> 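The structure's right below; bear with me while I get my questions together.
Nothing here was measured: the structure is a model prediction, and the numbers come from that model.
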Amino acid sequence: MMDVFRRAAAEFVGTFALIFVGAGAVLVAAPSAGAGNLEVALAHGLVIAVMASAVGHISGGHFNPAVTLGFLVTGRLSPILAGAYWIAQFVGAVAGAALLKWIFTGEVRATLGAPAVAPGIEPEAALILEAILTFFLVWVFFATAADPRGTFKSIAGLAIGLTITMDILAGGALTGAAMNPARAFGPELLSNDWNDFWIWYVGPFAGGVLGAIAYEWLYLRPLRPPVVGPPETGVVEPRPGDTALS
């Protein structure tokens, strides 16, 4: 149980940082509405890259209930640990939003950086967009952090952070590109703003499960295809240090 607590504590800190930095960047950019999407995307991507690299070896660096669900449904996380992660993630999100509410005043803190659907975007389209963006995120998560053959496992945090940056650049102006129920929950609870709230729960959970199952069954059960290099793979490439000198 002490290990469960230690791992959950890492998830709390990471999710707290995501809300404080990510939603905080939204509030900082609020006075220049429409001009801060790049800054917001970089803030979210950088905080996840840093925190996942810092504690990924302890908890896996999920900081996202949708990612945790993906690991649960593929049998890569025990139900007890998944439950502890979810509690830590949602509590961390609320704590981060509470600190933002205390720091920011007036109209700037109105929704505390909660995601919102842009005018002209139908809720159903927003739901599908959130699911697709979360699919990309969990797919990259499994490819870099779960696949033992991944040559980029040592820099998985950077790849995951860049995926979040990419997703926000694509969908931030349309749905907020939360891709994370905890990212929505903290600001929504503290600002009491529940407009179209279901989008940021159903979409990420569905996209996360699809991304996890797709990668798991395509490439991890069993491990397919074999890592390139050996002749039997049909893809003969020189491995590091094997390149012939000429």
> With a 4.5 Å cut-off on side-chain heavy atoms, are F90 and P181 touching?
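Yes. Closest side-chain heavy atoms under 4.5 Å.
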> Which atoms form the tightest heavy-atom contact between H44 and L18, and what is the distance?
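Closest heavy-atom pair between H44 and L18: CD2-CD1, 3.8 Å.
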> Grab the two heavy atoms, one from T175 and one from P115, that are nearest each other, plus how far apart they are.
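Looks like O-CB, 3.5 Å.
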> Looking at every non-hydrogen atom in both residues, tell me the closest pair between P204 and I199 and how far apart they are.
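It is CD-O, 3.4 Å.
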> What I'd like to find out is whether the side chain of Y215 reaches to under 4.5 Å of the side chain of L210, using heavy atoms alone.
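Side chain of Y215 against side chain of L210, heavy atoms only: no contact under 4.5 Å found.
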> Look at the aromatic rings of F16 and F12 and report parallel, tilted or perpendicular, splitting at 30° and 60°.
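Parallel.
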> Kindly indicate whether the side chain of F185, heavy atoms from C-beta on, has any atom under 4.5 Å from the side chain of L190.
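Not in contact.
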> Pick one: which of V47, T165, L169 meets side chain to side chain contact (heavy atoms under 4.5 Å, CB included) with L42?
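Looking at V47, T165, L169, the match for L42 under the side chain to side chain contact (heavy atoms under 4.5 Å, CB included) is T165.
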> So do L77 and Y85 actually touch side chain to side chain, heavy atoms under 4.5 Å?
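Yes, their side chains come closer than 4.5 Å.
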> Quick check on W198: does its CH2 atom have over 12 non-hydrogen neighbours (other residues, nucleotides or ligands) under 6.0 Å away?
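Yes - once you tally the heavy atoms of other residues, nucleotides and ligands closer than 6.0 Å, there are more than 12.
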> Taking all heavy atoms of I58 and all of A10, pick out the closest pair and write down the distance.
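Closest approach of I58 to A10, heavy atoms only: CG2-CB, 4.1 Å.
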> Any chance the rings of F71 and F142 have centres within less than 6.0 Å?
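Yes.
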> If we only count heavy atoms from C-beta on, is the L72 to P79 side-chain gap below 4.5 Å?
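Yes, close enough: below the 4.5 Å cut-off.
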> Report yes if the side chains of V73 and I213 come closer than 4.5 Å at any heavy-atom pair, otherwise no.
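Yes. Closest side-chain heavy atoms under 4.5 Å.
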> Among residues two or more places apart or on two chains, list those pairs meeting salt bridge (Lys or Arg N to Asp or Glu O under 4.0 Å) that have a residue in residues 199-209.
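Listed once each, the pairs would be none.
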> Taking the side chain as C-beta and beyond, is there a heavy-atom pair between Q89 and N64 under 4.5 Å?
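With C-beta onward as the side chain, the pair stays apart.
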> Got a second to check how far T15's OG1 is from F63's CZ, nearest 0.5 Å?
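Rounded to the nearest 0.5 Å, the OG1-CZ separation comes out at 6.5 Å.
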> I'd like to know whether CZ of F197 has more than 12 heavy-atom contacts from other residues, nucleotides or ligands below 6.0 angstrom.
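Open.
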> Are the side chains of W139 and T163 in contact, using a 4.5 Å heavy-atom criterion?
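Answer no - side chains too far apart.
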